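These notes concern the structure reproduced below.
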Amino acid sequence: MGLSLGLLLVLQQPIILDGHIDTPQRMLDMKTDISARLPDGHVDIPRMQEGGLSAAFFSIWVDARYGPGSAFKRALALMDAVHALVDTQPLAELATNADEVRGAVKRGHVAVLLGVEGGHAIENSLEKLDSLYGRGVRYMTLTWNNGNDWAGSSTDELRHGGLTDLGKRVVRRMNELGMLVDLSHVSDSTFCCRRL
Ligand SMILES: [Zn+2]
């Protein structure tokens with residue numbers, strides 16, 4: 001007799017990871033506590049656990065209205081909201097690599113990962129990029145719907161013909177750090193960049 005799919009999943013204990021949840025803005029702007037079951041929205045810790053969602057990249061989405069002097073600060077504030085969750089909720093653990101994800105899952109906890117959405121968050125600064133990595137960020141979309149000074153977006157005016165020299169340095173630095181380069185939202189020419 002064959003095993004049911006449900007039983008196979010339990011036996012294999014797969015790690016199911018959501019690559020992008022836009023929950024941190026809710027946690028920061030509306031002070032929503034996702035450690036308790038919520039009557040609305042899609043994500044909270046109890047429902048993650050019941051649904052078998054082992055891990056999720058919490059998206060540090062920086063709206064296009066934030067620019068030089070405010071975009072990086074906004075990213076930090078969103079990350080602080082996520083850090084406050086993992087600092088106070090034993091069921092949620094910050095994870096910055098595969099071993100930490102596996103460890104959290106083994107302990108029956110939810111692994112919380114960080115990804116930045118919108119390259120303008122680094123305000124053209126490789127030091128700020130390094131700082132994001134140091135705070136646990138493991139991917140960054142080069143743009144959101146807004147292009148920036150070094151990369152073009154698919155839904156903004158076409159500019160740069162893809163990545164500028166600074167954009168190439170950003171991607172190189174991300175590769176050195178071990179940060180995923182997320183191409184969501186970028187223009188075709190940014191996506192299809194020639195050799196760096
Ligand atoms: Zn998003």
Side-chain angles (χ1 to χ4, degrees), residues 9-10 12-63 66 70-123 125-142 144 173-182 184-185:
L9 287 174
V10 169
Q12 291 178 347
Q13 294 188 309
I15 290 178
I16 300 174
L17 185 149
D18 189 324
H20 192 100
I21 59 172
D22 280 301
T23 311
Q25 37 186 314
R26 210 179 164 199
M27 295 160 67
L28 175 65
D29 297 334
M30 298 157 72
K31 306 285 176 245
T32 302
D33 177 9
I34 68 160
S35 63
R37 182 181 302 276
L38 297 167
D40 57 0
H42 296 136
V43 175
D44 55 54
I45 303 290
R47 283 184 291 169
M48 284 178 79
Q49 295 213 292
E50 281 169 24
L53 182 60
S54 324
F57 272 95
F58 282 57
S59 172
I60 304 303
W61 170 63
V62 178
D63 195 346
Y66 295 98
S70 66
F72 184 68
K73 269 190 207 145
R74 173 69 178 169
L76 294 186
L78 287 160
M79 279 188 284
D80 284 349
V82 178
H83 282 129
L85 173 78
V86 297
D87 287 347
T88 56
Q89 292 303 325
L91 285 178
E93 286 186 38
L94 187 70
T96 58
N97 58 45
D99 278 347
E100 289 175 3
V101 171
R102 288 191 200 100
V105 172
K106 214 173 260 173
R107 288 183 281 279
H109 298 164
V110 164
V112 173
L113 299 107
L114 291 170
V116 164
E117 183 171 22
H120 60 293
I122 65 170
E123 298 182 14
S125 158
L126 295 181
E127 288 73 27
K128 286 186 169 65
L129 175 64
D130 287 357
S131 168
L132 293 179
Y133 182 86
R135 287 172 158 85
V137 172
R138 290 298 179 266
Y139 78 60
M140 181 173 78
T141 69
L142 300 183
W144 183 55
R173 185 67 189 145
M174 291 173 76
N175 284 330
E176 287 165 8
L177 290 168
M179 194 188 280
L180 293 169
V181 179
D182 188 340
S184 308
H185 298 291

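All figures in this text were calculated on a predicted structure; none of them were measured in a lab. Residue indices begin at 1 and follow the sequence shown.
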Show your working on side-chain contact (heavy atoms from CB on, under 4.5 Å) between Leu177 and Leu129 and close with a plain yes or no.
-> CA-CA 10 Å; Leu177 290 168; Leu129 175 64; 4.2 Å; yes
Arg173/Asp130 ion pair, N-O < 4.0 Å | yes
What distance do Arg102 atom CZ and Asn97 atom CG have between them, rounded to the nearest 0.5 Å?
-> 8.5 Å
Less than 4.5 Å apart, any side-chain heavy atom of Val110 and any of Leu53?
-> no
Shortest non-hydrogen contact from Gly178 to Arg138?
-> O-CD, 4.2 Å
Hey, can you tell me if Phe57 and Tyr139 have their rings parallel, tilted or perpendicular (30° and 60° cut-offs)?
-> tilted
What are the two closest non-hydrogen atoms of Val62 and Ala121, and how far apart are they?
-> CG2-CB, 3.8 Å
Side-chain heavy atoms of Phe72 within contact of Ser131, under 4.5 Å | yes
Heavy-atom check, side chain of Leu113 versus side chain of Leu17, under 4.5 Å | yes
Look at Asp29 together with Arg74 and state whether they make a salt bridge at an N to O cut-off of under 4.0 Å.
-> yes
Interatomic spacing from CD in Gln25 to OG1 in Thr32 - rounded to 0.5 Å | 10.5 Å
Would you name the heavy atoms of Val112 and Ala92 that are closest together and state the gap between them?
-> CG2-CB, 4.1 Å
Hey, could you give me the CG/NE2 distance between Leu114 and His83, rounded to the nearest 0.5 Å?
-> 5.5 Å
Met79 vs Leu132, side-chain contact (heavy atoms from CB on, under 4.5 Å): CA-CA, chis, key distance, verdict = CA-CA 9 Å; Met79 279 188 284; Leu132 293 179; 3.3 Å; yes
Donor-acceptor pair, side chain of Ser70 and main chain of Tyr66, under 3.5 angstrom | no
On a heavy-atom basis, the closest approach of Asp44 and Ala36 is CB-O, 3.4 Å
Is it true that a side-chain atom of Ser54 and a backbone atom of Ile16 form a donor plus acceptor pair closer than 3.5 Å?
-> yes
Could you state the interatomic distance from CD (Glu117) to CG (Asp22), rounded to the nearest 0.5 Å?
-> 5.5 Å
Is any side-chain N of the basic residue among Glu50 and Arg47 closer than 4.0 Å to the acidic one's carboxylate O?
-> no
With the side chain counted from C-beta on, respond yes when Asp63 and Trp144 share a heavy-atom pair under 4.5 Å apart, and no when they do not.
-> yes
Separation of Ile21 CD1 from Ile34 CD1 (nearest 0.5 Å) = 6.0 Å
Donor-acceptor under 3.5 Å (Gln49 side chain, Gly108 main chain) | yes
Between CE on residue Met30 and CG on residue Leu28, distance to nearest 0.5 Å = 11.5 Å
Val116 vs Met179 side-chain heavy atoms within contact, under 4.5 Å = no
Where Leu38 and Asp33 come nearest, the two heavy atoms and their spacing | CD2-O, 3.7 Å
Between the side chain of Gln89 and the main-chain N/O of Ser35, is any donor-acceptor distance below 3.5 Å?
-> no
For Ser184 and Thr141, the nearest pair of non-hydrogen atoms, with its separation, is O-CB, 4.0 Å
